Amino acid sequence: RAARPVWPVGRETELNVTCRFHAALPAGNATLYLTASTLYRAFVNGALVAYGPARGPKDYFRVDELDLTPYLKKGENEISIVVSHINGQSNTYL
């Protein structure tokens, strides 16, 4: 397994960006591994599953392990990650 960064091309330094990432997932056992350098919220079928990332020392990012199994229903499920990137000159997150 290896992590891959995901972000809209050309918007890495833009201020106050909010992006939404979607994926469809069949019912069953599922675990989402997720981290971010800013704030994220994870939803399954519209229900908030988690927000993060887990806090750690400056310039270190922890990987959150989210068990999605209890949130999945029969058929197709919608996974949605909303990421807010402030990209300001402050270390303070809102």
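Since we're looking at a predicted model, the values are computed, not measured. Both backbone and side-chain heavy atoms feed into the values below; hydrogens, waters and symmetry mates do not.
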Visitor: K74 and A27: which non-hydrogen atoms are nearest, and at how many Å?
Guide: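 Heavy atoms only, the tightest pair is CA-CB, 3.9 Å.
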Visitor: Nearest 0.5 Å please: distance from the CG atom of L32 over to the CD atom of E65.
Guide: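 So the CG of L32 and the CD of E65 are separated by 10.0 Å.
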Visitor: Taking the side chain from R62 and the backbone from T35, do they hold a donor-acceptor pair closer than 3.5 Å?
Guide: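 Side chain of R62 to backbone of T35: no pair is present.
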Visitor: How close do P53 and A36 get, counting heavy atoms only, and between which atoms?
Guide: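 Between these two residues, the closest heavy atoms are CG-O, 3.2 Å.
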Visitor: Please enumerate all residues that pass side chain to side chain donor-acceptor pair (under 3.5 Å) together with S80, with sequence neighbours excluded.
Guide: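 Testing S80 for side chain to side chain donor-acceptor pair (under 3.5 Å), a comparison that skips the adjacent residues, returns R20.
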Visitor: Linking I/L/V/M/F/W/Y whenever any side-chain heavy atoms sit under 4.5 Å apart, do L25 and V82 land together?
Guide: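 The answer is no; the residues belong to distinct hydrophobic clusters.
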Visitor: Return all side-chain donor-acceptor pairs below 3.5 angstrom for residues 41-51, not counting sequence neighbours, or 'none' if the list is empty.
Guide:
{"unit_1": "N45", "atom_1": "OD1", "unit_2": "E78", "atom_2": "N", "d": "3.0"}
{"unit_1": "N45", "atom_1": "ND2", "unit_2": "Y71", "atom_2": "O", "d": "3.4"}
{"unit_1": "N45", "atom_1": "ND2", "unit_2": "N77", "atom_2": "OD1", "d": "2.7"}

Visitor: Using every non-hydrogen atom in the two residues, find where E76 and K73 come nearest and quote the distance to one decimal.
Guide: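 Here E76 and K73 meet closest at O-NZ, 3.0 Å.
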Visitor: Suppose we screen for side chain to side chain donor-acceptor pair (under 3.5 Å). Which residues come up paired with Y40, at least two apart in sequence or across chains?
Guide: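 For Y40, the residues satisfying side chain to side chain donor-acceptor pair (under 3.5 Å) (neighbours in sequence not counted) are D64.
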Visitor: Just how far is it from atom OG1 of T31 to atom CG of L66, taken to the nearest 0.5 Å?
Guide: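 One finds 8.5 Å between OG1 of T31 and CG of L66.
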Visitor: Under 3.5 Å, side chain of T69 to main-chain N/O of A30, donor-acceptor pair present?
Guide: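 Judged by distance alone, yes, a pair lies under 3.5 Å.
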